[in-house]
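Just so it is clear, the model here is predicted, and its values are computed rather than measured. All heavy atoms count here, side chains included; hydrogens, waters and symmetry mates do not.
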Amino acid sequence: FEQGRYSAEEYLYLISDLTLKELRVARLLYETRPGSEKGYWEEWKNEVCGDLNIDRDDLAMVLARIEASGLTERVIGTKGGKRYIGSTNPGMGYYKVTPAFKKLMNFVELES
């Protein structure tokens, strides 16, 4: 399995530093893909914290680590229909799945 410039092993290396709890949060984010609506995103965070027994403050750190792995990007706003990605305020915005995460999950699905 090799698409583009990276092999499956390189995608797996991206997640090698993530803990099991972080991988569970990442999987839930991938599966549910919460939208940009504030109410929906807040509901998703509450569900994840309850389901995985994670403190809300710890969830922010988990999401930041997942973002640092390249699996997600934090969108902090839109202007003129374009998304602005960045990390100016940890309480703002929402996370979206990156193409690298989609490729990784395609690989996992092929192998299972």
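In this view, Asp55 and Asp57, Asp58 satisfy the side chain to side chain contact (heavy atoms under 4.5 Å, CB included) rule, not counting sequence neighbours. For Val62, the side chain to side chain contact (heavy atoms under 4.5 Å, CB included) criterion is met by Glu22, Val25, Ile66, not counting sequence neighbours. Considering only residues two or more places apart in sequence or on other chains, Arg27 meets the side-chain hydrogen bond (donor to acceptor under 3.5 Å, both in side chains) condition with Glu31. Every residue meeting the side-chain hydrogen bond (donor to acceptor under 3.5 Å, both in side chains) condition with Thr32, not counting sequence neighbours, appears here in chain and number order: Trp44.
Among all heavy-atom pairs drawn from Gly70 and Ala100, the shortest one is O-CB, 4.1 Å. Annotation for Asp17 and Arg65: closest pair O-NH2, 2.6 Å, computed over non-hydrogen atoms. The shortest non-hydrogen separation linking Thr72 to Glu67 is OG1-CA, 3.3 Å.
Among residues at least two apart or in separate chains, there is no ring-ring contact (aromatic ring centres under 6.0 Å, His included) pair with a member in residues 53-76.
The CD atom of Glu73 sits 10.5 Å away from the OH atom of Tyr94 when rounded to the nearest 0.5 Å. Expressed to the nearest 0.5 Å, how far OG of Ser69 lies from CD1 of Ile15 amounts to 8.0 Å. Note that the CG atom of Asn46 and the CG atom of Leu59 stand 9.5 Å from one another [nearest 0.5 Å].
For the pair Val97/Leu71, no side-chain contact is recorded, criterion being any heavy-atom separation below 4.5 Å from C-beta on. The shortest distance between side-chain heavy atoms of Ile54 and Lys21 falls below 4.5 Å.
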Assess the residue pair Trp41 and Tyr95 against the criterion (side-chain contact (heavy atoms from CB on, under 4.5 Å)); give the C-alpha distance rounded to whole Å, side-chain angles, the decisive distance to 0.1 Å, and a yes or no.
CA-CA 9 Å; Trp41 182 246; Tyr95 289 85; 3.5 Å; yes
